[in-house]
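Down below is the structure, laid out as structure tokens.
Only this structure's heavy atoms are used, side chains among them; waters, hydrogens and symmetry mates stay out.
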Amino acid sequence: MLSVSLLRRHAVLLAILLGAFTLVLTNSAFNLLLPYFIEYYDISATAGGWIIALYMLAMTLTMPLASLVVDRLGRKQTYMLGICIYGVFSVLGALLHSYIEVLLLVRFMHGVAAGLMIPLSLVLLFDVYGPEVRGRITGAWGLLLMLAPAAGPTLGGFIIQYGRLEMLFWLNVPLAVFSLIGCGRVIQAYTPARRKKWHPSSVMRLVGAVGALSLGVQVYASPAVAPWISWTLIVLGLVLLIRFIQVENERDEPLIRYSLLRRKGVFPLTVLISTIQDCVMFGVIFALPLLFQEVFQLSPALSGALFIPLSIFTSLFMWIGGNLLDRGRSLQFIAWGTLLVSISILTFAFLPMGASIWIIGVLMACRGIGVGLSGMSISAIGLQALPEEDMHEGSVLSTTIERLASSFAVMGMTLYYDMRWQWLAGHGRAIELAKWGAVKEICVGLGCAILLTLPLVLLITRKKVGFIVQNGKQTPVQGGATGR
């Protein structure tokens, strides 16, 4: 029979995951609907792209400020604020979705909600669950958040084909209400630390830096925006970011505790590994559809279906990896997962153009196994290496770095792909073969990038983490990632 304490913890898990799930589910559904928006609102593809881009821009802007909000409100209230923003603007979207201006505002505010909720969701779970089960909790968290992007496009397509757009907004409301009530009743409230002082100039520099960098990356691919504008925004963002770091470095309690990256130990290594993994993940999302459609001449529907094995096996092996992490006996499975990701991506570069769909599906499944074993486990180890009071700052810091780095990585790959295949075509290669050559080189680069993280992964996995299970009892070990 379940104890009251265990029931309460599982109620916290359900409340938090419900909020995060609806957030990711709806966003992935919107990503599929760009052609529908272009036709429905009679807008250009560039304008329609902002329906998607505003979400990412707002989320990237909000994430660095989340630690300041947490310092004032506390983790629980900040997460609930994100749910409220998401629910209220979902109602607004359902009622006034026929106005493109309202839809853009709703997408921006949904991004704000995501910027508050996503970095805190795993940290809140760590507040409730001890180190001995955090691997399994991370697996459950990752499993649900991987299923949402797989189900979202299907849901969006079904609603548009058989229903109406406002149904997609109304769907969020009961999920947000249930999550809000659950979080309010079962998550323990802590007194806000209130250590940070409000410095408007620093906030403006940070928002300006992240906004300029994100906007520069977003408009880079837009044919309606001159390239010099994009590069000007990027340079401006870098200047503001450098100045922000210089000023904050002199404060006793900086807005973002990037000094966490200077600590000796596990956390800086996991941030570096996770950043590279994130860049590769978004790079593969960019490269594989090009490979499937431009080179293998597969339909968009079939190309999308090939990502289903990836989602299924990633979700399954996140749960398996979490269980292995809790046992604490060996972390070598993370290294094997990293190696499997690298091999599966590199193999795509050497597939013949007439490769069987089944072979592609197996490679996608293998990549899912590797991602499931390595990705979330690395994040969990990094967070557990921090003191409890610094976990939310560590999560915000790492997530912001990963998002910015992956944006630049995708921009770089876009530039390389366009320049490379045109250069190959200009030197006598057929267009199809030129594009194949460019995608092949990107796959080789991405596979090698993951392979370069393997020594760092091996360095981390040699450490014992958390607890060792012996004779059915958990024994804490010294020097692990849970050490303070």
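Around the OH atom of Tyr99, the shell of radius 6.0 Å holds no more than 12 heavy atoms that belong to other residues, nucleotides or ligands.
Residues Ile369 and Leu373 form a side-chain contact, since some pair of their non-hydrogen atoms from C-beta on lies under 4.5 Å apart. Counting heavy atoms from C-beta outward, Val457 and Leu269 have side chains that stay 4.5 Å or more apart. Taking 4.5 Å as the limit, every side-chain heavy atom of Ile100 sits out of range of all side-chain heavy atoms of Tyr40. For the pair Leu363/Arg367, no side-chain contact is recorded, criterion being any heavy-atom separation below 4.5 Å from C-beta on. Using a 4.5 Å heavy-atom cutoff, the side chains of Ile273 and Thr338 are not in contact. Gln277 is listed as a side-chain neighbour of Ser374, based on a closest heavy-atom distance under 4.5 Å. Here the side chains of Arg420 and Ile442 are not in contact, with every heavy-atom distance at 4.5 Å or above. Inter-residue side-chain proximity for Leu95 and Trp170 is flagged as met; some heavy-atom pair is nearer than 4.5 Å.
With Ser344 contributing its side chain and Val341 its backbone, the two residues share a donor-acceptor pair below 3.5 Å. A donor-acceptor distance shorter than 3.5 angstrom exists from the side chain of Ser230 to the backbone of Gly216, with no hydrogens or angles considered. With Thr453 contributing its side chain and Ile450 its backbone, the two residues share a donor-acceptor pair below 3.5 Å. In this structure, Ser179 contributes its side chain and Leu175 its backbone to no donor-acceptor pair below 3.5 Å. At distances below 3.5 Å, not a single donor-acceptor pair connects side-chain atoms of Ser90 with backbone N or O atoms of Asn172. When atom types are taken as modelled, the side chain of Ser274 and the backbone of Val271 share no donor-acceptor pair closer than 3.5 angstrom. One N or O on the side chain of His97 and one on the backbone of Ala94 form a donor-acceptor pair closer than 3.5 Å.
A donor atom on one side chain and an acceptor atom on the other are not found under 3.5 Å apart for Glu441 and Tyr417.
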- Task: Dump the intermediate steps for side-chain contact (heavy atoms from CB on, under 4.5 Å) on Val371 and Phe313, then the final yes or no.
- Result: CA-CA 9 Å; Val371 171; Phe313 280 89; over 6 Å; no

- Query: After noting the C-alpha distance and the side-chain angles of Thr347 and Ile359, does the key distance pass the side-chain contact (heavy atoms from CB on, under 4.5 Å) rule?
  - Reply: CA-CA 10 Å; Thr347 304; Ile359 294 177; over 6 Å; no

- Query: Between Val439 and Trp421, is a side-chain contact (heavy atoms from CB on, under 4.5 Å) present by the stated rule, with each step listed?
  - Reply: CA-CA 9 Å; Val439 174; Trp421 82 258; over 6 Å; no

- Message: Assess the residue pair Tyr41 and Ser98 against the criterion (side-chain contact (heavy atoms from CB on, under 4.5 Å)); give the C-alpha distance rounded to whole Å, side-chain angles, the decisive distance to 0.1 Å, and a yes or no.
- Response: CA-CA 8 Å; Tyr41 294 107; Ser98 57; 5.6 Å; no

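Taking all atoms of both residues into account, the shortest heavy-atom contact from Leu446 to Met413 is CD2-SD, 3.9 Å. Of all heavy-atom pairs spanning Leu340 and Gly370, the tightest one is CD2-N, 3.9 Å. Nearest heavy-atom pair across Gly361 and Pro309 is O-CB, 4.0 Å. Smallest separation of non-hydrogen atoms from Gly87 and Ala176: CA-CB, 4.0 Å. Pairing each heavy atom of Gly447 with each of Ser342, the nearest pair is O-OG, 2.8 Å. The nearest pair of heavy atoms linking Gly208 to Leu240 is C-CD1, 3.7 Å.
Between Thr78 atom OG1 and Leu65 atom CG the span is 11.5 Å, to the nearest 0.5 Å. The NZ atom of Lys440 sits 9.0 Å away from atom CG of Leu433, with the distance rounded to the nearest 0.5 Å. The distance from the CD1 atom of Ile345 to the CG atom of Leu288 is 8.0 Å, given to the nearest 0.5 Å. Taken to the nearest 0.5 Å, the SG atom of Cys84 stands 11.0 Å off from the CG atom of Leu116. In this structure, OG in Ser398 is found 5.0 Å from CZ in Phe267, a value given to the nearest 0.5 Å. Rounded to the nearest 0.5 Å, atoms CE (Met117) and CE (Met63) are 11.5 Å apart.
Aromatic ring centres of His110 and Phe89 lie farther apart than the 6.0 Å criterion allows.
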